[in-house]
Number of protein chains: 2
Amino acid sequence: MGKEKNISTETIKRLIIYLRYLDTLNKNGIKIISSENITSLLNVQPSQFRKDLSFFGEFGKRGVGYNVDSLANSIRKILGVNREIDVVLIGVGKLGSALIQYTGFKKINVNIVSCFDKNPDKIGTMVENIRVEDIKNIGKTLKRTGIRIAILCVPVEEAQSVAKYIVGFGIKGILNFAPATLVLPAEVNVSNVDMASELGNIIYYLK
Amino acid sequence: MGKEKNISTETIKRLIIYLRYLDTLNKNGIKIISSENITSLLNVQPSQFRKDLSFFGEFGKRGVGYNVDSLANSIRKILGVNREIDVVLIGVGKLGSALIQYTGFKKINVNIVSCFDKNPDKIGTMVENIRVEDIKNIGKTLKRTGIRIAILCVPVEEAQSVAKYIVGFGIKGILNFAPATLVLPAEVNVSNVDMASELGNIIYYLK
DNA sequence: TAGATTGTTAATCGATTAACAATC
DNA sequence: TAGATTGTTAATCGATTAACAATC
């Protein structure tokens with residue numbers, strides 16, 4: 001896996017949604033599920049579900065359905081979250097601190113193992129179980145650990161410069177919480193979590 | 001405005017991105033901008049920009065471009081953020097507390113004016129300038145204020161039941177931070193901020 | 001007027017959905 | 001075998017992009 005071409009981000013996002021639901025089903029002792037049943041509460045068409053999976057192989061049994069446990073494991077492998085993944089976090093403000101303890105990342109096997117800030121008052125303090133380090137030392141950490149993913153929670157004015165800085169040290173994927181469009185080399189993967197934009201959507205459609 | 005049909009959420013999200021950039025241009029004293037220049041740093045095609053605006057009217061001058069200040073105001077009106085909008089927040093954990101002080105909401109004229117929790121230890125405490133209230137009293141607040149938008153930051157196990165509960169008191173739009181697909185009446189607008197899913201995307205495409 | 005840039009139409013592209021043969 | 005449900009193809013739908021006439 002990992003060689004598939006032209007898979008849309010929509011498909012990948014849905015895979016994560018399927019995975020979460022499969023994990024819930026698993027906990028509830030459900031062994032087999034059909035595309036119709038798994039999608040009925042997820043705002044997804046059964047054919048969409050089958051199509052999404054079809055990009056990666058065959059996972060069901062005709063006339064029967066899908067084995068909940070083994071499909072979950074297959075999706076984990078497809079996404080690359082079947083093993084633990086270490087990431088760093090930059091910008092230990094209130095939002096950054098909240099994310100360090102956010103359990104949703106751990107549920108997909110992602111661990112925030114280091115965090116960085118430029119504020120001397122914060123450097124050296126502890127957040128959850130990790131020590132806030134000086135952003136100036138991030139290069140060393142990235143080199144030593146090989147980490148290539150960063151969660152960026154710095155103020156919007158600094159987002160572009162910090163992003164450029166960490167990409168210089170080998171970061172290849174950024175989860176960006178700053179409401180800014182980062183300008184970076186094409187090979188760097190950026191996902192924007194734009195909370196105000198989502199709220200703006202709600203406001204617009206409410207009228 | 002507000003009567004346009006079939007405007008995609010993609011268009012609305014881009015409008016917010018345009019608006020932010022226009023505000024920055026405005027601060028920098030730039031008066032006029034072309035579709036080519038405004039989109040050059042935003043990963044958007046100039047024709048996409050013009051198309052997005054065309055759903056709502058004509059805002060530019062041929063051969064010249066767009067007046068930065070007046071286009072910003074037009075977009076604010078289109079989105080409905082030209083006036084202050086009050087919302088409530090439910091679930092005052094670390095993430096909820098961080099969102100109460102998040103400046104990105106204020107920048108689009110959205111104010112979190114009340115917050116609620118079910119934990120007796122939290123009820124009565126202050127977060128930024130607002131008092132944590134008992135979720136049982138949310139009906140009164142919503143009735144008194146007419147607020148119809150809620151930011152939902154409760155644990156994933158409770159998201160569905162709390163969402164249903166507040167919809168019963170007139171909530172029509174929910175910004176949902178819980179990694180769960182809420183099942184609600186069709187007229188309720190839900191936007192999901194799914195941080196783990198965005199991170200999952202980065203992990204997938206990194207391979 | 002000549003040059004520039006909009007607003008809009010038409011073409012393209014890609015994603016979703018429906019339909020059904022394959023097969024458990 | 002008959003019934004059920006997958007995997008996949010083809011049809012539909014919608015969003016993006018290119019092109020250009022309109023016009024400042």
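Note on naming: letters A, B, ... go to the chains in the order of the sequence lines (proteins, then strands), and numbering restarts at 1 for each one.
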*Hey, is the main chain of A:Lys136 close enough, under 3.5 Å, to the side chain of A:Asp134 for a donor-acceptor pair?*
yes
To the nearest angstrom, how far is [X] atom [atom1] from [N] atom [atom2]?
| X | N | atom1 | atom2 | value |
| --- | --- | --- | --- | --- |
| B:Leu42 | D:dT17 | CG | P | 14 Å |
| B:Ile12 | D:dA15 | CD1 | C1' | 14 Å |
| B:Glu10 | C:dG14 | CD | P | 15 Å |

*How would you list all residue pairs meeting ring pair (Phe, Tyr, Trp, His ring centres under 6.0 Å) that involve residues 67-95 of chain B, not counting sequence neighbours?*
none
*With rounding to the nearest 0.5 Å, note down the distance linking CG in A:Leu19 to CD1 in A:Ile75.*
5.5 Å
*Gap separating the OG atom of B:Ser191 from the CG atom of B:Leu152, nearest 0.5 angstrom*: 12.5 Å
_Please evaluate residues A:Asn192 and A:Val190 with respect to the criterion side-chain contact (heavy atoms from CB on, under 4.5 Å), reporting the C-alpha separation (whole Å), side-chain torsions for both, the decisive distance (0.1 Å), and the verdict._
CA-CA 6 Å; A:Asn192 296 301; A:Val190 179; 3.7 Å; yes
*Going 5' to 3' through nucleotides 1-13 of chain D, assign each nucleotide B (protein heavy atom under 4.0 Å from a base atom), S (under 4.0 Å only from sugar-phosphate atoms) or - (no protein heavy atom that close).*
---BBBBBB----
*Would you say B:Gln48 reaches D:dA15's phosphate, i.e. side-chain N/O to OP1/OP2 under 4.0 Å?*
no
_With B:Tyr205 via ring pair (Phe, Tyr, Trp, His ring centres under 6.0 Å) - residues at least two apart_ = none
*asked:* Test of understanding: with ring pair (Phe, Tyr, Trp, His ring centres under 6.0 Å), list the residues that count as partners of B:Tyr66, not counting sequence neighbours.
replied: B:Phe49
Determine whether [X] and [Y] make a side-chain contact, defined as any pair of heavy atoms from C-beta on separated by less than 4.5 Å.
| X | Y | answer |
| --- | --- | --- |
| B:Asp52 | B:Tyr18 | yes |
| B:Cys153 | B:Leu89 | yes |
| A:Leu41 | B:Gln160 | no |

*Measure the angle between the two terminal helix axes of the helix from C:dG3-D:dC24 to C:dC24-D:dG3, five base pairs each, and quote it to 10°.*
10°
*Which of residues 185-199 of chain A have a heavy atom under 4.0 Å from DNA chain D?*
none
